[in-house]
Amino acid sequence: GNSATQVEQVKWMLKQNIDLLIISPNEAQPLTRVVELAYQKGIPVIVLDRKTSSNAYTAYVGADNFQIGKMAGSYVGTALQGKGNIVEIMGLPGSSPAIERQRGFSEGLKQFEGINIKHQLCGDWLKHNAEQQLKSIKSDFNDLDAIFAHNDVMASGAREVIKQLNLPRSIKVFGIDALP
């Protein structure tokens with residue numbers, strides 16, 4: 001969960017003359033240079049689940065996060081019959097799944113002019129963080145129709161907050177994850 005530590009670990013491994021690097025970059029940008037360095041040295045690099053900001057790797061194993069987000073946007077828009085207010089809880093800022101899911105979700109909602117994203121919060125993929133972020137905007141829950149979370153763990157946290165607030169109306173919660 002720490003990009004600087006991960007960079008140092010990869011640098012150390014490169015000094016050990018590794019034969020293969022399999023990595024799930026914590027964040028895209030901070031890990032790009034060191035992953036490119038491994039690839040440029042001729043070391044096969046398999047990027048797992050999360051990408052860097054470059055295509056300098058041998059293979060990627062993971063989901064099409066843009067498409068997952070786009071499908072979620074289309075689904076949420078349809079479920080709300082084209083109108084309503086949403087809170088989007090994103091993953092770790094700078095991580096490729098969060099970036100791609102957010103872009104896809106926005107694209108999927110374009111066809112629904114009556115949908116309004118009231119807040120975009122960063123839950124960092126963690127239930128507790130999502131709960132804390134939602135509690136900070138609890139005064140806006142009265143006109144909220146749905147919460148979309150970039151993973152199931154944060155969606156579970158959203159459901160917990162809604163239960164704790166004992167609201168007079170229902171708020172739909174949508175969570176999605178995309179590991180193969």
Side-chain angles (χ1 to χ4, degrees), residues 1-10 23-32 34-35 47-53 60-77 79-80 84-109 115-167 169-180:
N2 183 305
S3 297
T5 298
Q6 194 174 27
V7 167
E8 291 306 313
Q9 290 170 336
V10 173
I23 186 167
S24 180
N26 186 52
E27 295 174 282
Q29 194 59 42
L31 274 292
T32 296
V34 74
V35 171
V47 178
L48 180 66
D49 185 39
R50 299 177 178 188
K51 299 175 187 172
T52 65
S53 296
Y60 169 69
V61 178
D64 183 340
N65 286 294
F66 176 84
Q67 190 61 34
I68 292 292
K70 186 175 178 182
M71 289 188 309
S74 180
Y75 182 81
V76 169
L80 294 179
N85 295 315
I86 301 174
V87 168
E88 180 179 8
I89 308 172
M90 300 178 291
L92 180 69
S95 68
S96 62
I99 293 166
E100 293 169 6
R101 289 179 195 186
Q102 190 283 319
R103 281 185 29 242
F105 187 65
S106 178
E107 182 70 25
L109 287 177
I115 300 285
N116 178 36
I117 299 177
K118 296 215 32 139
H119 294 280
Q120 289 179 312
L121 308 173
C122 292
D124 302 328
W125 306 118
L126 304 171
K127 181 178 180 179
H128 176 74
N129 291 9
E131 290 171 344
Q132 294 303 331
Q133 290 293 312
L134 284 168
K135 288 175 183 176
S136 75
I137 61 159
K138 66 183 176 185
S139 62
D140 289 344
F141 274 46
N142 290 332
D143 66 339
L144 194 61
D145 299 294
I147 297 172
F148 167 61
H150 283 203
N151 74 5
D152 298 332
V153 173
M154 294 187 300
S156 174
R159 177 57 57 209
E160 291 295 320
V161 170
I162 291 168
K163 284 180 186 176
Q164 291 169 9
L165 294 176
N166 198 24
L167 299 169
R169 60 193 218 83
S170 176
I171 297 174
K172 296 178 189 292
V173 177
F174 302 91
I176 194 161
D177 220 329
L179 286 176

Quiz item: His119: what forms a side-chain contact (heavy atoms from CB on, under 4.5 Å) with it, not counting sequence neighbours?
Solution: Val87, Leu121, Ile137, Asp140
Practice problem: Verify, without hydrogens or angle tests, whether Arg50 (side chain) and Asn26 (backbone) share a donor-acceptor contact under 3.5 angstrom. | Solution: yes
Quiz prompt | Leu92 to Ser95 - nearest heavy-atom pair and separation | solution = O-OG, 2.8 Å
Quiz item: Heavy-atom distance under 4.5 Å between the side chains of Val47 and Val61, does that happen here?
Solution: no
Quiz prompt | Qualifying residues under side-chain hydrogen bond (donor to acceptor under 3.5 Å, both in side chains), relative to Gln133, sequence neighbours excluded | solution = none
Quiz prompt | side-chain contact (heavy atoms from CB on, under 4.5 Å) involving Asp152 - partner list, sequence neighbours excluded | solution = Asp177
Quiz item: With sequence neighbours excluded, what pairs up with Lys118 under the salt bridge (Lys or Arg N to Asp or Glu O under 4.0 Å) test?
Solution: Asp143
Practice problem: Report the C-alpha separation of Ile162 and Val173 in whole Å, then their side-chain angles, then the decisive distance to 0.1 Å, and conclude whether the side-chain contact (heavy atoms from CB on, under 4.5 Å) test is met. | Solution: CA-CA 9 Å; Ile162 291 168; Val173 177; 3.5 Å; yes
Exercise. Write down the atom of Ile23, the atom of Val10, and the distance for their closest heavy-atom approach.
Key: CD1-CG2, 3.7 Å
Exercise. Name all residues meeting the salt bridge (Lys or Arg N to Asp or Glu O under 4.0 Å) criterion together with Asp124; count only those two or more places apart in sequence or in a different chain, and write none if there are none.
Key: none
Exercise. Not counting sequence neighbours, which residues clear ring pair (Phe, Tyr, Trp, His ring centres under 6.0 Å) with Phe105? List them please.
Key: Phe148
Exercise. Looking only at non-hydrogen atoms, find the nearest pair between Val7 and Pro30 and report the distance.
Key: CG2-O, 3.4 Å
Quiz item: If you round to the nearest 0.5 Å, how far is CG of Asn85 from CG of Asn142?
Solution: 11.5 Å
Exercise. State, to 0.1 Å, how close Val153 and Leu126 come at their nearest heavy-atom pair, and which atoms those are.
Key: CG1-C, 4.3 Å
Practice problem: Measure the CG-OG distance between Asp145 and Ser170 for me, rounded to the nearest 0.5 Å. | Solution: 9.5 Å
Exercise. Compare every heavy atom of Ser96 with every heavy atom of Ala28, then report the nearest pair and how far apart it is.
Key: CB-N, 4.4 Å
Quiz item: Taking only residues two or more places apart in sequence or in another chain, which ones pass side-chain hydrogen bond (donor to acceptor under 3.5 Å, both in side chains) with Glu88?
Solution: Gln120, His150
Practice problem: Calculate, to the nearest 0.5 Å, the distance between atoms CG and CD1 belonging to Asn151 and Ile176 respectively. | Solution: 10.5 Å
Quiz item: Excluding sequence neighbours, so at least two apart, what forms side-chain hydrogen bond (donor to acceptor under 3.5 Å, both in side chains) with Glu8?
Solution: none
Quiz item: With sequence neighbours left out, what residues match Tyr75 under side-chain contact (heavy atoms from CB on, under 4.5 Å)?
Solution: Phe174
Exercise. Identify, with sequence neighbours excluded, every residue that meets salt bridge (Lys or Arg N to Asp or Glu O under 4.0 Å) alongside Glu160.
Key: none
Quiz item: Rounded to the nearest 0.5 Å, how far does CD1 of Ile147 lie from CE of Met154?
Solution: 11.5 Å
Quiz item: Any side-chain donor paired with an acceptor under 3.5 Å for Ser3 and Glu27?
Solution: yes
Quiz item: Looking at Ser53 and Gln29, what are the two nearest heavy atoms and their distance?
Solution: OG-OE1, 2.9 Å
Practice problem: Name all pairs fulfilling the salt bridge (Lys or Arg N to Asp or Glu O under 4.0 Å) condition that reach into residues 127-139, sequence neighbours left out, sorted by first residue then second. | Solution: none
Quiz item: How many angstroms lie between atom CZ of Arg159 and atom NZ of Lys172, to the nearest 0.5 angstrom?
Solution: 10.0 Å
Practice problem: Applying side-chain contact (heavy atoms from CB on, under 4.5 Å), name anything that partners Gln67, two or more places apart in sequence or on another chain. | Solution: Asp64, Lys70, Met71
Quiz item: So how far is it from Ile89 CD1 to Asn129 CG, rounded to the nearest 0.5 Å?
Solution: 10.5 Å
